[in-house]
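Below, chains carry the letters A, B, ... as their sequence lines are ordered, and counting in each starts from 1. When reading the values below, keep in mind they use all heavy atoms of this one structure, side chains included, and skip hydrogens, waters and symmetry mates.
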Protein chains: 2
Amino acid sequence: MSSATIKDVAKLAGVSPSTVSRVLSQHPKISPATVRKVKEAMETLGYHPNIMAKSLVSKSTQTLGLVLPRSAEELFINPFFSEVLRGMLAYANTAKYDLLMSSAHSQQEELEAVNRMVMGRRVDGIILMAPRKSDPIVDRLREHDFPFVLLGRSVDYDDVLCVNNDNRKAAYDATNHLIEQGHTRIGYVSGPPDLVVSEDRLAGYREALAEANLPCNREWLVGTEILEKSGFHAISLVMNLPERPTAFVIADDVVAFGLIRELYQAGLSVPQDVSIVSFNNIVMSELSNPPISTIDIGIYHLGYLTVQQLIRKISGEAITQPQITVPHRLIVRGSSVRSHK
Amino acid sequence: MSSATIKDVAKLAGVSPSTVSRVLSQHPKISPATVRKVKEAMETLGYHPNIMAKSLVSKSTQTLGLVLPRSAEELFINPFFSEVLRGMLAYANTAKYDLLMSSAHSQQEELEAVNRMVMGRRVDGIILMAPRKSDPIVDRLREHDFPFVLLGRSVDYDDVLCVNNDNRKAAYDATNHLIEQGHTRIGYVSGPPDLVVSEDRLAGYREALAEANLPCNREWLVGTEILEKSGFHAISLVMNLPERPTAFVIADDVVAFGLIRELYQAGLSVPQDVSIVSFNNIVMSELSNPPISTIDIGIYHLGYLTVQQLIRKISGEAITQPQITVPHRLIVRGSSVRSHK
DNA sequence: AAAATACTTGAAAACGTTATCATATGCCGT
DNA sequence: ACGGCATATGATAACGTTTTCAAGTATTTT
C-alpha cells in the first residue's frame with residue numbers, strides 16, 4: 001500500500017505534476033478551477049507530499065536538531081530539561097518545525113551526531129545545550145556558517161546567537177538575599193564545574209560576598225555534580241566544620257531537595273538551622289517542605305526564545321540582538337526566612 | 001560552502017559514484033585498495049552522505065516519530081516524561097536511530113503531525129504515548145500497516161505492539177499495602193479520567209478494597225488532573241468530611257507532593273494523620289519530607305523497551321510477544337509507615 | 001589453452017519533488 | 001484585426017543517493 005505520489009494526483013486531476021506542485025506551494029498564478037480539481041484529487045487519493053523528496057530539491061527540512069550533551073543523564077533527570085523542551089516545542093510548533101533529537105554518550109558521539117545532522121543536511125539549524133568552555137562543535141558550525149544557537153553563553157565569540165540568563169547577577173541576587181537575612185557565613189553548592197553557567201554563578205556569589213565584606217571560605221564551596229546524590233558526603237563534611245555556614249546558595253532545585261533531606265537526617269532543619277536559596281523554580285520547589293526559595297530563570301522562555309532566534313536566523317531575518325538575556329527573579333519562600341527570628 | 005557529494009568523492013578517488021556508494025554501505029565485493037582510496041577522498045573532502053537523498057531511494061529514514069499528546073503540558077511538567085524519553089533515546093542511540101518530536105495542541109494538530117510523519121515517509125515508525133480509549137490514530141496506523149508502538153495498553157486490539165505496566169495489579173498492591181498498615185478508610189486520587197492507565201489503576205484499587213471487605217466511598221475518589229495544583233480544593237473537601245480517609249493511593253508522585261503540602265498547611269501531617277502511597281518513583285519522591293512510598297513502574301525501561309519493540313517491528317523481526325509488561329515494585333518509605341504506632 | 005567461473009567495477013535508471021524555461025491561450029491597446 | 005503582453009499550464013532537468021544490469025578482468029577448471 002505505497003502512498004500516492006504527485007504524479008498520481010496529476011493524472012487523476014488531468015493536469016501535469018508541475019501544476020500539482022504549484023497548488024501545493026500556493027503559487028499565485030493558478031486558476032481557482034484547477035486548484036479545486038487538484039485538491040479534490042489529493043483528497044480522494046489521500047495524498048501527502050514526500051518530505052524527503054521535497055527537502056532534497058528545496059534544501060529545507062523544516063526540522064531543527066537538538067543534540068543532547070554527553071552529560072544528558074544528569075540533565076534529564078532534572079525537570080529543567082522537560083521544561084526547556086516544552087518551550088522549544090511550543091515555538092517550533094507555531095512555526096511548523098519539528099525537533100530531531102539525538103543523544104550522545106561521549107564527545108565522539110556528540111560530534112558524530114552533529115555531523116549526521118548538519119552535513120547530512122538533515123536539519124536546517126541546530127540547538128546546542130549547556131555549552132562547555134570552548135566547545136569544538138561551536139567552532140565547527142561557525143566555520144561552516146551553519147545556523148545554530150546556544151542555550152547558554154558563548155565564551156569565545158560574541159557574534160554567535162545565544163539565549164541565556166544573567167547568571168552572574170542571578171547568583172549575586174540570591175547571595176544578597178541571604179546576606180540581607182543576616183547571614184555572614186554562606187556556602188555555595190555548584191553544578192558541573194566545566195559548564196559555563198557554573199562559572200558565572202560562582203562569580204556572582206563571590207561578588208556579593210566581597211561587596212559585603214564577608215568571607216568566602218574555600219571549605220564552604222561544595223563542587224557537586226548536578227545530580228542530587230553526589231553532594232551528600234561533601235555536605236556532611238562542610239557541616240562538621242568548626243565554623244560552618246548558616247546558609248547555602250545552591251545551583252539547582254533538585255540538589256536543594258537532596259540537601260534539605262540530608263540536613264534533616266543530620267538533625268538540622270531548614271530554615272531554622274540552615275537557610276537555602278537555589279535555582280530554577282521547578283514546580284516541586286513550591287511543594288517542598290519547607291517551600292524552597294529559588295531564582296526563577298524562566299526556563300520555558302529560555303527554550304521558546306532559543307528556537308525563535310534559530311528560526312529567525314534560518315529565515316535570513318536580520319538579527320539585531322544576537323545575545324538574548326532572559327530576566328530572572330528571586331522567589332522568596334520558606335527555606336530562606338525564619339518566621340520568628 | 002555547499003558540501004561535497006558522492007560524485008566529488010568519486011572523481012577525486014578516480015572511481016564511479018556506484019563504487020563510492022558501495023564503500024559507504026560496506027558492500028563485500030570491493031577491493032581493499034579501492035576502499036582505501038575512496039575513504040581517503042571522503043576524508044579530504046569532509047564528505048558526509050546526504051540523508052534526504054539516501055532516504056528517498058532506500059525508503060528508510062533511521063528516524064522514529066514521537067508525537068506528544070495534546071495533554072503534553074501536563075505530561076511535560078512531570079519528570080515522568082524526561083525519564084521515559086531518556087530510555088527511548090538510549091535504545092534509539094544504540095540502534096543508530098534518531099527521534100523526531102512534534103507537539104500538538106489539539107486532536108486536529110495531533111493527526112496532522114502523524115500524517116506529516118507517516119504519509120510523508122519521514123519516519124520509519126511511530127511511538128504513541130498515553131493512549132486514550134479508542135484512539136482514531138491507532139485505527140489509522142493499523143489500516144496503513146505502518147509500524148507503531150503504544151506506550152500503554154491497547155483497549156481495542158490485541159495485536160498492536162505495546163509496552164505497559166500491569167497498572168491494575170500495581171494499584172492493587174499499593175492499596176493492599178495500606179490495608180496491611182491497618183487502614184480501613186482509603187481514598188484515591190486519580191489522573192486524567194480518559195486515560196487508559198487511570199481506568200486500570202482505579203480498577204486495581206477497587207479490587208483490593210473489595211477483597212478486604214472495605215468500603216469504597218465515592219466521596220473519597222478525587223478525580224484530579226495530573227497537574228498537582230488542580231487537586232487542592234478537592235482534597236480539602238474530602239478532608240472535611242465527617243468520615244474522612246486515613247490514607248490515600250495517589251496516581252502520581254507530583255500530585256502526592258502537592259497533597260502532602262496541602263495537608264501540612266491544613267495542620268495534618270504525613271504519615272501520622274494520613275498515609276500515602278503514590279506512583280512512579282521519580283527521583284524526588286525519595287528526597288521528599290517525609291520520603292514518599294511509591295510504586296516504581298520502571299519508567300526508563302518503559303521507554304527503552306518501547307523503542308526496542310518498534311525497531312524490531314521495523315526490521316521485520318518476528319515478534320513473539322506483542323504486548324510487553326514491565327514489572328513494578330512497591331517501595332515503602334516514610335509516607336506510609338508510622339514509626340511508633 | 002579454451003571455456004567457465006568468480007570477482008570487481010561502471011552506466012544508467014530510479015526515488016518524488018521543485019524550479020526553470022518554454023508554450024499555448026486569452027486579452028488589451030492601437 | 002494584429003502584434004504584444006499577461007496568465008495559466010506543461011516538459012524537462014535537476015537534487016544526491018541506491019540499485020540493477022551489464023561488462024571487463026582475473027582466476028580457475030578441464
**Item:** By ring pair (Phe, Tyr, Trp, His ring centres under 6.0 Å) - contacts of A/Y47 (at least two apart)
**Value:** none
**Phosphate contact (D/dG16 OP1 or OP2) by B/T5 side-chain N/O below 4.0 Å** = no
**Request:** List for me each residue that meets side-chain contact (heavy atoms from CB on, under 4.5 Å) alongside A/K39, sequence neighbours excluded, and say none if there are none.
**Result:** A/V23, A/V35, A/M42
**Prompt:** When you measure from every atom of DNA chain C, which of residues 18-35 of chain B have a heavy atom less than 4.0 Å away?
**Reply:** B/S18, B/T19, B/R22, B/K29, B/I30, B/S31, B/T34
**Request:** Figure out the NZ/C1' separation between B/K11 and D/dG16, and round it to whole Å.
**Result:** 14 Å
**Prompt:** Of all residues at least two apart in sequence or in a different chain, which pass the side-chain contact (heavy atoms from CB on, under 4.5 Å) check with A/D8?
**Reply:** A/A4, A/T5, A/L45
**Complete:** Taken to the nearest whole Å, CD1/B/I6 to P/C/dT9 is 15 Å
**Request:** Can you sort out the partners of A/S25 under side-chain contact (heavy atoms from CB on, under 4.5 Å), two or more places apart, ordered by chain and number?
**Result:** none
**Prompt:** Which residues pass the side chain to side chain donor-acceptor pair (under 3.5 Å) test with A/D145, sequence neighbours left out?
**Reply:** none
**Prompt:** Distance-only, no hydrogens or angles: does the B/E110 side chain make a donor-acceptor pair with backbone N or O of B/V67 under 3.5 Å?
**Reply:** no
**Asked** For the pair made of CG in B/D8 and C1' in D/dG16, what is the distance, rounded to whole Å?
**Response** 10 Å
Can you give the donor-acceptor pairs under 3.5 Å from side chains of residues 49-61 of chain A to other protein atoms, not counting sequence neighbours?
{"from": "A/N50", "atom 1": "OD1", "to": "A/M52", "atom 2": "N", "distance (Å)": "2.8"}
{"from": "A/N50", "atom 1": "OD1", "to": "A/A53", "atom 2": "N", "distance (Å)": "3.1"}
{"from": "A/S55", "atom 1": "OG", "to": "A/I51", "atom 2": "O", "distance (Å)": "2.7"}
{"from": "A/S55", "atom 1": "OG", "to": "A/S60", "atom 2": "O", "distance (Å)": "3.4"}
{"from": "A/S58", "atom 1": "OG", "to": "A/K54", "atom 2": "O", "distance (Å)": "2.8"}
{"from": "A/T61", "atom 1": "OG1", "to": "A/T63", "atom 2": "N", "distance (Å)": "3.3"}
{"from": "A/T61", "atom 1": "OG1", "to": "A/R122", "atom 2": "O", "distance (Å)": "3.4"}
{"from": "A/T61", "atom 1": "OG1", "to": "A/D124", "atom 2": "N", "distance (Å)": "3.3"}
{"from": "A/T61", "atom 1": "OG1", "to": "A/D124", "atom 2": "OD1", "distance (Å)": "2.8"}

**Request:** Taking side-chain contact (heavy atoms from CB on, under 4.5 Å) as the test, write out the residues that go with A/P322, two or more places apart.
**Result:** A/L161
Using atom types as modelled, flag every donor-acceptor pair under 3.5 Å from a side chain in residues 302-312 of chain A to any protein atom, sequence neighbours excluded.
{"from": "A/T306", "atom 1": "OG1", "to": "A/L302", "atom 2": "O", "distance (Å)": "2.5"}
{"from": "A/Q309", "atom 1": "NE2", "to": "A/Q321", "atom 2": "O", "distance (Å)": "3.2"}

**Message:** Could you tell me if the side chain of A/V84 sits less than 4.5 Å from the side chain of A/M129, heavy atoms only?
**Reply:** yes
Enumerate the protein-to-nucleotides 23-28 of chain C contacts in which both atoms are nitrogen or oxygen and the separation is below 3.5 Å.
none

**Complete:** A/R36 meets the side chain to side chain donor-acceptor pair (under 3.5 Å) criterion, sequence neighbours left out, with none
**Request:** Check DNA chain C against residues 42-61 of chain B and give the residues with a non-hydrogen atom under 4.0 Å, in numerical order.
**Result:** B/L56, B/V57, B/K59
**Message:** In whole Å, I'd like the distance from the NZ atom of A/K7 to the P atom of D/dT12.
**Reply:** 12 Å
